[in-house]
Amino acid sequence: MIGDNLFFEEIEKVSKIVKALIREKNVKVISHHDADGLSSAAILIKALTREGVNFKFRILKQLTENDIKELDIGESDFLILLDLGSGQINGLKDVLDKTQVLVLDHHDPVRKEHMNLLHINPLVLGEEEISASMICYLFAKMLNIRNTDLIDLAIVGAMGDIMDEKWELKGLGRKILEEAEMLGKISIERGIRLYGRNTRPIFKSLEYSSDAVIPGITGSESNAVQFLAELGIELKEGERWRMLKDLTLEEQKKLASAIIVERLKNGHEDAEDIFGEIYNLIGRPKDLQDAREFATLLNACGRTGNFGVAVRLCLNDLTALRDSWGILENYRKMISTGLNWLRDGNFEARNSITIVKGGKKIPDTIIGTLLSIALSSGIVDSTKIVIGFADDEDGNLKISARMSRNLNLNLRDIIVEAAHSVGGEAGGHKFAAGALIAAGKEDEFIKATENKLSNQVK
Ligand code: C5P
């Protein structure tokens with residue numbers, strides 16, 4: 001065991017209860033559609049299969065009150081909620097009155113008890129936040145020690161939810177990483193914080209360098225190409241585009257120095273702060289070895305509704321790889337179309353917030369991802385909260401909100417209060433939150449957010 005505290009004691013206790021209960025019940029697993037939720041689902045699917053339990057699983061965008069009603073849970077069922085549920089405990093009352101519910105989640109929790117509620121959330125138990133996939137891993141390991149082989153998925157989910165700081169896992173997450181290293185499932189490398197090491201041409205990695213921003217080059221393909229040409233780094237090897245991992249050590253050093261020089265020239269405060277950790281998954285196919293890229297692929301699958309492909313990838317069904325590349329390509333196109341639309345100035349910079357009205361132009365499943373990239377790559381002002389709206393398929397308004405970690409606010413509290421004031425549902429984390437409200441309530445919601453912010457600043 002990693003630690004010895006209330007959190008771990010609770011996981012152990014709950015895993016024993018669950019083990020005793022689930023064989024008698026129809027188990028229904030519900031998880032969230034992002035990389036953390038999908039890796040959580042895969043961990044539980046494998047663990048339940050090993051227990052010989054019959055179960056059904058579903059992936060949802062959110063767990064709304066309507067979804068809960070439609071679940072149709074009876075006394076013979078056992079409901080397991082992954083990467084969602086902690087914020088919806090009130091809405092689960094009717095279900096809890098009938099049967100047991102296990103929640104493995106890390107969203108800001110509603111602190112309510114019920115004799116049928118088995119609630120594992122580090123924030124409820126005085127522990128620091130880790131990803132849902134890590135919680136699921138700890139739970140699965142207590143259920144059966146064989147499940148330690150699922151530890152790499154715990155790391156993938158954590159990458160998906162950006163649980164690391166500047167590409168380094170800290171705290172309890174780091175302990176799980178060290179366990180993965182010890183088990184021979186992960187190796188740790190240091191490198192430049194550029195996405196797409198194994199999957200993108202180098203100039204694309206530079207163009208999309210939102211973590212270690214390179215002034216003038218981030219966001220510009222032609223400047224990225226020119227930058228590499230000036231450094232004498234070949235773009236191609238024969239017919240094949242070269243990727244970051246193909247660079248010789250010499251070239252990598254040259255590239256790193258040049259990036260630092262560019263940042264220094266532009267008066268960047270932490271010009272040399274461009275390195276971080278790369279987590280390699282040992283024993284996975286080449287294309288899925290980088291935990292961050294694996295998470296991107298899962299996000300692409302989840303946010304385009306291809307849940308089966310995502311879970312198959314996690315469970316090492318290699319036939320899913322073939323299906324996944326087209327999905328990723330499509331997803332990248334969606335993101336890049338959305339970013340270009342934002343670059344064209346389709347947002348409104350107000351005093352304390354930036355508003356993006358995506359309407360039908362931006363799919364509700366990617367508005368959050370778009371805002372995260374827009375914020376980190378400087379398309380929108382990173383000193384303000386950014387709030388995006390998109391129409392969902394049921395005629396409601398999906399809201400995503402993001403802010404930089406430098407702001408000393410709690411975005412979840414702000415969004416939850418504003419959403420409740422217009423009769424909507426909301427939840428999330430300190431730096432990333434979301435909501436669902438009725439169409440036409442946009443301006444009322446914005447006003448409520450601004451009021452709350454001005455009260456806080458006073
Ligand atoms: O959808 P988006 O990526 O913007 O969501 C940000 C965070 O807010 C996620 O962790 C999501 O689970 C949470 N959220 C929520 N309730 C909603 C919408 C989002 O808890 N109605």
Side-chain angles (χ1 to χ4, degrees), residues 30-41 59-68 81-92 103-110 121-123 129-133 135 157-158 160-163 295-296 298-300 302-305 331 334-335 338 354-356 358 362-376 385-394 396-403 405 410-438 441 445 449:
I30 297 191
S31 191
H32 191 212
H33 73 159
D34 67 10
D36 191 22
L38 291 162
S39 26
S40 298
I59 306 291
L60 293 178
K61 276 196 242 179
Q62 276 319 318
L63 184 67
T64 63
E65 282 173 21
N66 220 12
D67 292 321
I68 296 173
L81 301 177
L82 310 176
D83 195 28
L84 38 75
S86 282
Q88 288 90 10
I89 302 296
N90 287 331
L92 287 165
V103 178
L104 301 173
D105 192 8
H106 65 144
H107 285 93
D108 260 358
V110 170
N121 181 323
L123 305 175
E129 188 183 356
I130 49 174
S131 64
S133 60
I135 303 168
D161 258 16
I162 318 188
M163 288 286 137
T296 302
L298 292 183
N299 256 325
R303 292 179 185 275
T304 52
Y331 177 70
M334 279 160 72
I335 299 280
T354 304
I355 302 288
V356 175
I362 306 291
D364 65 325
T365 48
I366 65 153
I367 179 94
T369 309
L370 271 183
L371 298 189
S372 299
I373 303 175
L375 205 60
S376 61
I385 290 174
V386 55
I387 300 183
F389 298 84
D391 298 348
D392 84 352
E393 66 228 351
D394 301 320
N396 293 314
L397 266 182
K398 158 80 176 100
I399 298 172
S400 280
R402 299 287 187 272
M403 69 177 199
R405 284 172 193 258
N410 188 323
L411 194 52
R412 179 200 171 269
D413 290 352
I414 296 166
I415 297 301
V416 166
E417 199 174 310
H420 286 173
S421 76
V422 301
E425 298 174 37
H429 312 272
K430 203 166 171 216
F431 306 103
L436 196 66
I437 62 171
K441 297 268 184 189
F445 178 90
T449 310

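When a ligand or atom number is given, it counts from 1 through the structure's own listing order. Numbers for residues simply follow the sequence, beginning at 1.
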(request) Indicate yes or no for a side-chain donor-acceptor contact from D36 to the backbone of A132 under 3.5 Å, with no hydrogens or angles considered. (result) yes

Nitrogen or oxygen contacts under 3.5 Å, ligand 1 side and protein side:
residue: ligand 1; atom: 1 (O); partner: K398; partner atom: NZ; Å: 2.7
residue: ligand 1; atom: 3 (O); partner: R402; partner atom: NH2; Å: 2.8
residue: ligand 1; atom: 4 (O); partner: S400; partner atom: OG; Å: 2.5
residue: ligand 1; atom: 4 (O); partner: R402; partner atom: NH1; Å: 3.0
residue: ligand 1; atom: 4 (O); partner: R402; partner atom: NH2; Å: 3.3
residue: ligand 1; atom: 8 (O); partner: G427; partner atom: O; Å: 3.4
residue: ligand 1; atom: 8 (O); partner: G434; partner atom: N; Å: 3.2
residue: ligand 1; atom: 10 (O); partner: H107; partner atom: NE2; Å: 2.6
residue: ligand 1; atom: 10 (O); partner: H429; partner atom: NE2; Å: 3.2
residue: ligand 1; atom: 12 (O); partner: H107; partner atom: NE2; Å: 3.0
residue: ligand 1; atom: 16 (N); partner: Q62; partner atom: OE1; Å: 3.3
residue: ligand 1; atom: 16 (N); partner: G427; partner atom: N; Å: 3.4
residue: ligand 1; atom: 20 (O); partner: G428; partner atom: N; Å: 3.3

(request) Go through the side-chain N and O atoms of H106 and D83 and say whether any donor and acceptor fall under 3.5 Å apart. (result) yes

(request) Verify whether one side chain among S131 and D161 offers a donor that lies under 3.5 Å from an acceptor in the other. (result) no

(request) Using a strict cut-off of less than 4.0 Å between a Lys/Arg side-chain nitrogen and an Asp/Glu carboxylate oxygen, indicate whether D364 and K61 qualify as a salt bridge. (result) yes

(message) Are the side chains of L123 and D108 in contact, using a 4.5 Å heavy-atom criterion?
(response) yes

(message) For the residue pair D67 / T64, report whether a side-chain donor-acceptor contact shorter than 3.5 Å exists.
(response) yes

